[in-house]
Amino acid sequence: MAASLPPTVLDWQERVRSAHAHKTPLRIRGGGSKDFYGARLGGEVFDTRSYSGIISYEPSELVVTVRAGTPLAALEQALAECGQCLAFDPPHFGPGATVGGMVAAGLSGSSRAAVGAVRDYILGLELINGQGELLRFGSQVMKNVAGYDVSRLMAGAWGTLGLLTDISLKVLPMQRAQATLYYECTAQQALDKLSAWRAKPLPINASLWQQSGEGEQGHLLVRLRGAVAAVQSALDGMGGTMLDHGQADAAWLACREQQLPWFSDMDPSHALWRLSLPATTPVLPCTEAGLQPLMEWGGALRWVQAPMQHAQALQALATSVGGSAVCFRPGPQVGLVASDDFGFTPASPALRQVQQRLKQAFDPHGIFNPGRLGDWALS
């Protein structure tokens, strides 16, 4: 079996085995477009971009298998040429984003609330564990129900459990129709509208509310995607102003890549906080006077700008409504901080035990991305 493996994979195995033997930490890195995230970046850089390319693609089967170092943009272009896409609309955060980094980060774009997350589209994958063993989980078919779906654990693990090599993904056809509606309203009015629409069979694919200038007033964007008849019916009954397609596409791309002025004009002494909450949560108290959050996913994802000293208050606020908070970007003047001070909502003792057992099983010496997700990933 080993002789049939690509030379790059064999080289990777040897390097991991050496790191395991010498307990040398490795920092797994693709394009580095998400290096801003995490409690600490340490270890020898392990660049995955040398292992690139689409291994197999069956448009009629809606399945693609790709090497982890493949540029995300290249995969999306290949899918688009066949009228297909990654439905969860993953953010790139830079031109060097790779498919392996997409899976490791587990981040989804504006469509996530409607179509699912990255992990929902992982059919199977191959990885090298912390002892240099090559393991395969899942398959290249959609009906894969034998045993626990270990492959999906890698989505959002940020490379702390293994070095990804090959990934099989489910893809979907592009929707036939799309439109974006614009509304002027407060944050609570936006949440009320979205709550009412959730009770109806509307083809809502994404939503975005952000503050407009001073005060509570802002604007809500709602993207519709689906069959032509379904989108047209929604347009007839939802009111609002329809945006020009070019203007709408630019706004959604800027939102996905965090290039909206709301993000780019952030106070350099503040950090960007990501609050994951029940969509029914009302407007929460602002951490800074006059600052309103930016809301996506029907209200389930809320971005807040606040100094690091607000960590415990934000975590307590999110936990009180059944959600969680994490420091997503420390900010240029904040910099990376110690893992025990980083803004992760503390895990429950039971969850922390599961995390530590997984880490011990996949990477017993803790050589992969130590500290990236806080103290639990160190041992």
Side-chain angles (χ1 to χ4, degrees), residues 1-20 26-31 34 45-58 61-72 74-76 78-79 86 88 90 97-107 117-171 358-365 367-369 372 377:
M1 177 180 176
S4 65
L5 293 175
T8 300
V9 174
L10 294 173
D11 290 343
W12 285 6
Q13 284 186 278
E14 286 304 314
R15 183 173 177 186
V16 172
R17 286 171 186 149
S18 176
H20 174 79
L26 299 174
R27 175 182 160 195
I28 302 173
R29 187 179 189 269
K34 302 170 185 68
V45 175
F46 195 123
D47 195 320
T48 65
R49 290 174 294 177
S50 61
Y51 191 57
S52 175
I54 295 175
I55 298 172
S56 65
Y57 176 31
E58 297 294 339
E61 299 296 329
L62 301 177
V63 173
V64 63
T65 300
V66 62
R67 291 169 176 157
T70 305
L72 180 54
L75 173 59
E76 290 178 326
L79 296 177
L86 298 172
F88 49 89
T98 63
V99 176
M102 173 194 78
V103 172
L107 299 174
V118 178
R119 63 177 178 271
D120 300 318
Y121 291 82
I122 300 174
L123 298 176
L125 54 77
E126 188 177 84
L127 63 84
I128 298 171
N129 68 8
Q131 299 177 75
E133 300 169 327
L134 189 66
L135 307 177
R136 174 167 288 281
F137 302 100
S139 66
Q140 295 180 355
V141 297
M142 294 186 197
K143 293 184 179 179
N144 176 38
V145 295
Y148 188 74
D149 196 352
V150 175
S151 57
R152 297 189 182 190
L153 283 175
M154 302 304 143
W158 290 91
T160 59
L161 297 180
L163 172 61
L164 301 180
T165 57
D166 301 343
I167 303 159
S168 294
L169 298 164
K170 176 174 67 176
V171 300
L358 284 170
K359 184 65 175 176
Q360 182 64 31
F362 281 94
D363 182 19
H365 285 179
I367 63 172
F368 290 140
N369 291 355
R372 182 102 190 228

Pick one: which of L123, L75, V99 meets side-chain contact (heavy atoms from CB on, under 4.5 Å) with V64? L75
Can you give me the closest heavy-atom contact between V9 and I128, atom names plus distance? O-CD1, 4.0 Å
Counting C-beta onward and ignoring hydrogens, is there a side-chain heavy-atom pair between V150 and L153 closer than 4.5 Å? yes
CE of M102 to CD1 of I167: how many Å apart, nearest 0.5 Å? 6.5 Å
Work out which heavy atom in R49 is nearest to a heavy atom in G30; give both atom names and the distance. NE-O, 3.4 Å
Could you grab the distance from atom CG of L161 to atom CG of N129, nearest 0.5 Å is fine? 10.5 Å
Straight-line distance of T48 OG1 to R67 CZ, nearest 0.5 Å: 13.0 Å
Taking every non-hydrogen atom, the tightest pair across V103 and V118: CA-CG1, 4.3 Å
Closest approach of L163 to F46 (non-hydrogen atoms, all atoms of both residues): CD2-CZ, 3.5 Å
If I take atom CG from residue L358 and atom OG1 from residue T160, how far apart are they, to the nearest 0.5 angstrom? 9.0 Å
For R152, does its backbone N or O pair with a side-chain atom of R119 as donor and acceptor, under 3.5 Å? no
Is there a side-chain contact between L86 and V171 in this structure, where contact means two heavy atoms from C-beta onward sitting under 4.5 Å apart? yes
Side-chain heavy atoms of S50 within contact of W12, under 4.5 Å: yes
Classify the angle between the aromatic ring planes of H20 and H365 as parallel (below 30°), tilted (30 to 60°) or perpendicular (above 60°). parallel
Under 3.5 Å, is there a donor-acceptor pair between the side chain of S168 and the main chain of L125? no
Which value, rounded to the nearest 0.5 Å, describes the distance between L62 atom CG and Y121 atom OH? 11.0 Å
Could you tell me which non-hydrogen atom of E126 sits nearest to which non-hydrogen atom of R136, and how far apart they are? OE2-NH2, 3.3 Å
Could you report the tightest heavy-atom contact between Y51 and T165, atom names first, then the distance? CE2-O, 3.4 Å
Taking CZ in R15 as the centre, count heavy atoms belonging to other residues, nucleotides or ligands within less than 6.0 Å. Is the count above 12? yes
So do F368 and K359 actually touch side chain to side chain, heavy atoms under 4.5 Å? yes
Report yes if some heavy atom in the side chain of L169 is under 4.5 Å from a heavy atom in the side chain of I122; otherwise report no. yes
Working note: Y57 + L79, criterion side-chain contact (heavy atoms from CB on, under 4.5 Å); need CA distance, chi angles, decisive distance, verdict. CA-CA 9 Å; Y57 176 31; L79 296 177; 3.5 Å; yes
side-chain contact (heavy atoms from CB on, under 4.5 Å) partners of A19, counting only residues at least two apart: T24, L26, I367
